[in-house]
Asker: 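Have a look at this one.
All values below were derived from every heavy atom in this structure, side-chain atoms included, with hydrogens, water molecules and symmetry-related copies excluded.
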Amino acid sequence: MRGDPACPLCIDSMFTVSDHEFMAEALRLAEQGLYTTDPNPRVGCVIVKDGKAVGRSFHHKAGEAHAEVLALHEAGEQARDATVYTTLEPCAHFGRTGPCADALIAVGVARVIASMQDPNPLVAGKGFAKLRAAGIETASGLLEEQTRALNPGFISRMMHGRPWVRSKLAVSLDGRTALAGGESKWISCEAAREDAQRWRARSSAILTGIGTVLKDDPALTVRLTGDWRQPRRIVVDSGLRTPPAARILKQPGETHIAMVGADAAHQARLTKAGATLLLIPAKDGHVDLAALLQRLAEMECNEVLVEAGPGLNGGLLAAGLVDEFIIYMAPCLLGDTARGMFSLPALKSMQERIELQMTDIRTVGNDLRVIAMPTERKDHRG
């Protein structure tokens with residue numbers, strides 16, 4: 001199998017330059033499923049015989065063939081005694097499709113290198129064990145960090161029982177999200193807004209609060225050119241104040257309203273308007289956000305994008321439920337009477353501040369895009 005997982009040098013010493021190159025190609029293939037595989041992980045596979053790639057593919061869509069099976073079809077007879085590079089341990093269970101481990105055994109591959117073990121408890125080492133029992137050499141750990149970065153939501157759901165939560169914010173240079181009266185269109189530039197659409201498109205669900213629904217009446221749909229899967233829309237609405245005529249209820253796809261209980265007649269009106277109601281346990285009279293995320297995991301949501309005001313953003317942050325921030329910072333100033341990003345209790349000392357680790361900084365159009373993680377969440381992907 002692999003060397004000491006705490007020692008990157010031990011792992012690297014197991015693999016050749018060619019191994020790295022072929023796994024990097026498998027990762028590039030996996031990225032092609034970024035917007036389509038939900039709720040499955042993004043997986044790529046390359047099959048190599050005598051130093052040459054003879055089969056390549058990636059998982060396209062849940063319910064369809066996995067990357068390994070598609071690559072085997074392309075390789076044909078050349079798959080016998082070949083080395084298989086796959087970004088995730090081959091599955092060993094029957095789901096919507098048959099076990100990939102069985103398919104690899106049937107054609108007689110010689111070696112399987114996986115970037116990481118599958119965190120799904122139904123697999124979690126069973127695929128490797130089945131391959132080794134059939135006399136196939138296995139190894140893992142190659143470019144594992146990159147694979148984890150590609151599938152944070154799937155890993156979080158399998159290992160921690162909740163989705164990976166990203167908070168997307170458009171702010172001025174002085175950290176304001178809207179004027180005092182609520183006007184916010186548009187702080188970010190057109191290029192930044194299009195970039196944000198791609199974060200929507202890769203998400204399982206878009207999470208917002210009732211305040212945003214009442215103030216902005218958003219649609220929260222993917223509005224990119226072409227045919228795109230629409231993520232679920234989730235409204236945190238403890239008192240069930242969502243108007244039946246809200247735009248969010250008239251869009252393609254599913255809209256769910258998380259509540260703690262409300263008038264039966266209004267529930268019926270919202271259900272008739274197309275909403276699915278989620279009864280969530282209460283905490284301090286409001287939707288328990290941790291319980292909501294657990295419910296979303298049970299609904300097979302991997303990545304959740306938060307597009308909300310300071311109330312919901314502050315509540316998630318205070319509860320330690322935000323894994324990542326995507327902040328579009330526009331070159332403008334709105335002043336100290338404008339609205340901030342988070343409603344949080346006042347800090348009594350600098351020791352209480354929330355530390356962030358910036359993982360990516362780049363310009364998008366005229367704006368600066370900063371991706372950051374709370375430092376206490378930085379290892380959450382594993």
Side-chain angles (χ1 to χ4, degrees), residues 1-6 11 23 26-27 30 33-34 36-45 58-69 84-105 112-134 136 138-165 202-205 232 278 290-304 320-321 323-324 377-382:
M1 277 291 287
R2 58 181 291 180
D4 181 358
I11 294 173
M23 187 61 77
L27 274 163
L34 186 65
T36 61
T37 65
D38 197 77
N40 288 357
R42 297 117 183 177
V43 181
C45 179
F58 64 97
H59 181 45
H60 294 253
K61 188 178 180 180
E64 297 182 1
H66 288 186
E68 298 94 326
V69 171
V84 177
Y85 297 86
T86 180
T87 56
L88 196 65
E89 174 189 3
C91 63
H93 69 294
F94 284 90
R96 300 182 190 180
T97 62
C100 292
D102 289 355
L104 294 167
I105 291 168
V112 174
I113 300 176
S115 182
M116 66 172 288
Q117 178 176 295
D118 192 332
N120 186 342
L122 294 174
V123 185
K126 297 181 180 69
F128 289 138
K130 182 174 279 192
L131 292 169
R132 290 195 300 272
I136 297 171
T138 68
S140 67
L142 178 58
L143 301 184
E144 182 170 341
E145 183 178 350
Q146 291 88 331
T147 294
R148 288 183 175 275
L150 186 60
N151 290 300
F154 180 77
I155 295 169
S156 178
R157 179 163 66 89
M158 291 298 162
M159 297 187 69
H160 306 286
R162 73 169 186 81
W164 182 264
V165 177
R202 67 175 286 172
S203 300
S204 306
R232 292 180 171 112
L278 303 176
L292 172 59
L293 292 179
Q294 183 179 352
R295 175 73 69 86
L296 295 184
E298 293 167 356
M299 293 164 56
E300 296 189 313
C301 291
N302 289 337
E303 299 178 18
V304 171
L321 298 173
D323 299 300
E324 194 169 33
R377 311 298 296 168
K378 69 181 186 300
D379 295 324
H380 184 65
R381 280 187 287 220

Asker: Check for a donor-acceptor pair, side chain of Thr138 on one end and backbone N or O of Arg132 on the other, with a separation under 3.5 Å.
Answerer: no
Asker: If I take atom OG from residue Ser156 and atom CG from residue Asn302, how far apart are they, to the nearest 0.5 angstrom?
Answerer: 9.0 Å
Asker: Indicate whether the side chain of Asp38 and that of Ser204 have a donor and an acceptor atom separated by less than 3.5 Å.
Answerer: yes
Asker: Evaluate Met299 against Arg232 for side chain to side chain contact (heavy atoms under 4.5 Å, CB included), listing each step before the verdict.
Answerer: CA-CA 10 Å; Met299 293 164 56; Arg232 292 180 171 112; 3.7 Å; yes
Asker: Check Phe128 against Ala114 and note the closest heavy-atom contact, atom names and distance.
Answerer: CZ-CB, 3.6 Å
Asker: Measuring from Thr37:OG1 to Arg202:CZ, what's the distance to the nearest 0.5 Å?
Answerer: 9.5 Å
Asker: Quick test of your reading of the model: are Glu303 and Arg162 salt-bridged, counting only N-O distances below 4.0 Å?
Answerer: no
Asker: Are Asp118 and Phe154 packed together at the side-chain level, in the sense that at least one heavy-atom pair is separated by less than 4.5 angstrom?
Answerer: yes
Asker: Checking side chain to side chain contact (heavy atoms under 4.5 Å, CB included) for the pair Thr86/Ile113: CA distance, chi angles, key distance, verdict?
Answerer: CA-CA 6 Å; Thr86 180; Ile113 300 176; over 6 Å; no
Asker: State, with a plain yes or no, whether a side-chain heavy atom of Glu324 is found less than 4.5 Å away from one of Val165.
Answerer: no
Asker: Given 3.5 Å as the limit, does a donor-acceptor pair link the side chain of Asn151 with the main chain of Arg42, or not?
Answerer: yes
Asker: Counting C-beta onward and ignoring hydrogens, is there a side-chain heavy-atom pair between Pro163 and Leu293 closer than 4.5 Å?
Answerer: yes
Asker: Please round to the nearest 0.5 Å and tell me the distance separating atom SG of Cys301 and atom CD of Gln294.
Answerer: 13.0 Å
Asker: Can you find a heavy atom in the side chain of Val112 that is under 4.5 Å from one in the side chain of Glu68?
Answerer: no
Asker: How many angstroms lie between CG in Leu142 and CE in Met23, if you round to the nearest 0.5 Å?
Answerer: 4.5 Å
Asker: When you check the gap from the basic side-chain N to the acidic O, do Lys130 and Asp102 get nearer than 4.0 Å?
Answerer: yes
Asker: Among Leu34, Leu88, Val43, which residue meets the side chain to side chain contact (heavy atoms under 4.5 Å, CB included) test with Leu150?
Answerer: Leu34
Asker: Tell me the closest heavy-atom pair linking Cys100 and Pro90, and the distance in Å.
Answerer: CB-CB, 4.1 Å
Asker: With rounding to the nearest 0.5 Å, note down the distance linking CE in Met158 to CG in Asn120.
Answerer: 4.0 Å
Asker: Does a donor on one side chain and an acceptor on the other come within less than 3.5 Å for Thr87 and Ser115?
Answerer: no
Asker: For a quick test of reading the model, state the closest non-hydrogen atom pair linking Gly153 to Trp164 and the distance between them.
Answerer: CA-CB, 3.6 Å
Asker: Taking atom CE of Met116 and atom CD of Glu145, what is their separation to the nearest 0.5 Å?
Answerer: 12.0 Å
Asker: With side chain to side chain contact (heavy atoms under 4.5 Å, CB included) as the criterion, how do Arg148 and Ile155 come out once you've worked through the C-alpha distance, each side chain's angles and the decisive distance to 0.1 Å?
Answerer: CA-CA 7 Å; Arg148 288 183 175 275; Ile155 295 169; 3.8 Å; yes
Asker: How close do Leu321 and Ala290 get, heavy atom to heavy atom, and via which atoms?
Answerer: CD1-N, 3.6 Å
Asker: What's the shortest heavy-atom distance between Lys126 and Glu89, and which atoms?
Answerer: N-OE2, 3.3 Å
Asker: Check His59 against Ala67 and note the closest heavy-atom contact, atom names and distance.
Answerer: N-CB, 3.6 Å
